[in-house]
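Basis for what follows: all heavy atoms, side chains included, without hydrogens, waters or symmetry-related copies. Letters go in sequence order (proteins before strands), and every chain restarts at 1.
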Amino acid sequence: RKEVEQDPGPFNVPEGATVAFNCTYSNSASQSFFWYRQDCRKEPKLLMSVYSSGNEDGRFTAQLNRASQYISLLIRDSKLSDSATYLCVVNGATSGTYKYIFGTGTRLKVLA
Amino acid sequence: DTGVSQNPRHKITKRGQNVTFRCDPISEHNRLYWYRQTLGQGPEFLTYFQNEAQLEKSRLLSDRFSAERPKGSFSTLEIQRTEQGDSAMYLCASSSRTSAQNTGELFFGEGSRLTVL
């Protein structure tokens, strides 16, 4: 089983739609969680961290469910510019380690 | 430009040859990471350094791969006796103690694309 699993998609949605991605992780001791965005042929960039209480940044909402070991990302009012691959990232499970494990990524295409 | 710099950006080599990639991190960053990414996959962790110390290396990494970070500044990733399966984008990222703890932000370079013929 992969350490971090995501549905690869693609998710094709019309502009203005709400879309949600889930990600599951295998190591219950994992300590921190993130969503990165990767545009085609570009390097990944941090989109947002995911906090236990859930957090929001504009149209983006991230949530963490430690009991079920999954992380979600909700994008409201999708824009064409949101088209990208969204990577779920989990930090290492032992204290003092900073090993970041990336999921396969979920491709999003927002259609006009 | 003060971002993460990787060289060469593209490398085409014949099977069996050795290749070396260089990464220059953001100057004040003490952690440096190497990842490999193939089409349709997320970045796969290879190894990471804190200053000059290599703290973790993926079990997936064969003995043909070696990475160094002398003096805790730039890093090199060498692949010996390349195989066609080594063809991928090799990404370098750096972070500082502060950024990693507070935001988990890794700053990636544009990558070095390897093609093994």
Test your reading of the model: is there a side-chain donor-acceptor pair from A/Gln38 to the backbone of A/Lys42, 3.5 Å cut-off?
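Between the backbone of A/Lys42 and the side chain of A/Gln38 there is a qualifying donor-acceptor contact (under 3.5 Å).
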Between B/Gly109, B/Ala93, B/Ser58, which has the largest tally of heavy atom pairs under 4.5 Å with chain A?
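Among B/Gly109, B/Ala93, B/Ser58, the one with the most close pairs to chain A is B/Gly109.
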Do the numbers put B/Arg22 on top of the ring of B/Phe74, so that NZ or CZ is under 6.0 Å from the six-membered ring centre and no more than 45° off the axis?
yes
Where does A/Pro8 contact chain B at under 4.5 Å (heavy atoms): side chain, backbone, both or neither?
neither
Considering residues, nucleotides and ligands other than A/Arg37, do more than 12 of their heavy atoms fall under 6.0 Å from its CZ?
yes
Between B/Gln41 and chain A, which part of the residue has a heavy atom less than 4.5 Å away: side chain, backbone, both or neither?
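For B/Gln41, the contact with chain A is made by backbone and side chain together.
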Turns out that what part of B/Gln37 lies under 4.5 Å from chain A's heavy atoms comes down to side chain
Are the charged groups of A/Arg76 and A/Glu56 less than 4.0 angstrom apart, N to O?
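Answer for the salt bridge query: yes.
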